[in-house]
Amino acid sequence: MKIAVIGTGYVGLVTGTCFANSGNEVTCVDIDAAKVDALNRGVVPIYEPGLEELVSYNLSADRLAFTTDLAAAIKPAEIVYLAVGTPQQEDGSANLSALWSVVEGIAPFLQETAVVVTKSTVPVGTNARIYAQLQELTSRNCHVASNPEFLKEGAAIDDFEKPDRVVVGVRDEYAADILRQLYEPFLRTENPFLVMTPESAEMTKYVANALLATKISFINEMANLCERMGGDINDVRRGIGHDSRIGFAFLFPGVGYGGSCFPKDVRALSMMTKENGLVPRMLDAVDEVNQNQKSVMIAKVDQHFENDLAGKTFAVWGLAFKPKTDDIREAPALVLINHLLAKEATVQVHDPEAMPNVKAVYGDKLQYHERRSQALEGADALVIMTEWSDYKRPNWEEMTQLMLSPTVFDGRNLYEPQRMKERGFRYYSVGRPPV
Ligand SMILES: NC(=O)c1ccc[n+]([C@@H]2O[C@H](COP(=O)([O-])OP(=O)(O)OC[C@H]3O[C@@H](n4cnc5c(N)ncnc54)[C@H](O)[C@@H]3O)[C@@H](O)[C@H]2O)c1
């Protein structure tokens, strides 16, 4: 099939590349000329495991191309995927300006039978608005489908190629059939292809993210309570997780969720709830608990150093909002860094992939280190904000030698408190008593 994908961010680039890799002819369009230029040379501007190799392979097989020329990409396309960003606006709702500019841009060039598919996360009712807008611009009924994306950054290719399920929202059988054929290679293990109305598909994406965010905020609230009451959240987690109704997934306590999806999608769903005359009690609580959780480690740092951080040196391990990505959007590490800088502390950071993005924000306000051990030199404390594998088994002896004081604030519960005590560390974690 001939496919155009508009927007080559985390989602568009993975979508286009994986569709090309299954044999389709894909042209990806972006307004960012520098990005398009780099991609045509096989240089992927984001970090996503395995993506660069797959882009290069499909570029050389002539099945994948990148352009800024929207018209040229749309004219031959049987399927047009919309994968532009839908960031949060001031009031919490989704900003659809990029989407509307693309809808207007593609209308004159669409083939009569082309299926326009929304991959971006968009408020319920957007599919209907796109349908109406295209009808007005083309004076005919266009095929408009919704196909929300559930991939996780850091495991995006695997998630895309082996999805738990594919959800499509359609208003006609033709669109459903084209999409079924497109996804056939990805569903050979019989995972379901779920066809529903566009409104249900749009809602599914928000409900999935809101429920996952709810699990995180719930376990974080319980972790904070454990600390006050002397329980150990890891034991509690074990105690509940074996219940098949509960399970273990997404119940890791930590420093709160970040990233480009959960925060904005929870707020957008909250806005939709209010706009429809209902009260988003749970959604707003999930967001509030999460905002608070980003400061839980900060409070421990402040307390340990009796609010006197000026002149102290902090090592920060992990800047990305989660491991295996360079994405720092809404990352909890940034909240910590802002606090440390405001208190006039020196901040020495390490992250396997996200340092260039952090440098673009903070410039020379931070000290950047390529090796995790270098960030520890002369540090009064280490704060761990992302659970990269690199941090799971550090060299304890080297740590105690390099640090001014062996103090660790572990926002991801990577280590066993008792063992840390035996190794000579002062150790703070989440939902477990400090040692
Ligand atoms: N990142 C994720 O893990 C993830 C997962 C599922 C769904 N989503 C959703 O997918 C959508 C895209 O997310 P993302 O993280 O890939 O965004 P992103 O910000 O990484 O990428 C968006 C891309 O669109 C391009 N763009 C903007 N306006 C354009 C225009 N008019 N024409 C062509 N290109 C244009 C930008 O230059 C950028 O490259 C969002 O709605 C998001 O909520 C994201």
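Atoms within each ligand, like the ligands themselves, are counted from 1 in listed order. The model shown is predicted, which means the values in this text are computed figures rather than measured ones. Any value given below was found using the heavy atoms of this structure, including those in side chains, with hydrogens, waters and symmetry copies removed.
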Can you list the atoms of ligand 1 that are under 4.0 Å from a heavy atom of [X]?
| X | answer |
| --- | --- |
| Glu153 | 1 (N), 2 (C), 3 (O) |
| Ala83 | 12 (C) |
| Ser101 | 31 (N) |
| Val11 | 2 (C), 4 (C), 5 (C), 6 (C), 7 (C), 8 (N), 10 (O), 16 (O), 44 (C) |
| Lys205 | 6 (C) |
| Ile6 | 32 (N), 33 (C) |
| Val102 | 30 (C), 31 (N), 32 (N) |
| Thr86 | 40 (C), 41 (O), 43 (O) |

Establish, from distance only, whether the side-chain atoms of [X] and [Y] form a donor-acceptor pair under 3.5 Å.
| X | Y | answer |
| --- | --- | --- |
| Asn147 | Tyr183 | yes |
| Asp302 | His339 | yes |
| Ser270 | Thr273 | no |
| Thr126 | Arg129 | no |
| Asn191 | Asp164 | no |
| Asn95 | Ser97 | yes |
| Asn357 | Tyr362 | no |

Residue pairs meeting salt bridge (Lys or Arg N to Asp or Glu O under 4.0 Å), one or both in residues 130-151, sequence neighbours left out, come to Lys119-Glu149
For [atom], find the nearest protein heavy atom and state the residue, atom name and distance (0.1 Å precision).
| atom | result |
| --- | --- |
| atom 11 (C) of ligand 1 | Val84 O, 3.5 Å |
| atom 24 (O) of ligand 1 | Gly7 CA, 3.5 Å |
| atom 21 (O) of ligand 1 | Gly9 CA, 3.1 Å |
| atom 6 (C) of ligand 1 | Glu149 O, 3.2 Å |
| atom 28 (N) of ligand 1 | Ile31 CD1, 3.5 Å |
| atom 9 (C) of ligand 1 | Thr121 OG1, 3.4 Å |

Name the option, out of Asp30, Leu96, Val122, that contains the heavy atom nearest to atom 25 (C) of ligand 1.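 Ranked by closest heavy atom to atom 25 (C) of ligand 1, first place is Asp30.
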Among Gly12, Pro45, Ala268, Gly85, whose heavy atom sits nearest atom 22 (C) of ligand 1? Gly85
Does any part of the side chain of Leu179, heavy atoms only, come nearer than 4.5 Å to the side chain of Phe193, both counted from C-beta? yes
Thr8 versus Phe66: any side-chain heavy-atom pair under 4.5 Å? yes
Short N or O distance, Tyr10 and ligand 1, threshold 3.5 Å exclusive: yes
For Lys264, is the nearest heavy atom under 4.0 Å from an atom of ligand 1?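 True for this residue.
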If we only consider heavy atoms of Arg329, is any one of them less than 4.0 Å away from an atom in ligand 1? yes
Identify each donor-acceptor pair in which a side-chain atom of residues 103-112 lies under 3.5 Å from a protein atom, sequence neighbours left out, and give them as a table.
residue : atom : partner : partner atom : Å
Gln111  : NE2  : Lys75   : O            : 3.2
Gln111  : NE2  : Pro76   : O            : 3.0

Counting only N and O atoms by type, is there a donor-acceptor contact under 3.5 Å from the side chain of Asn127 to the main-chain atoms of Pro198?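 No.
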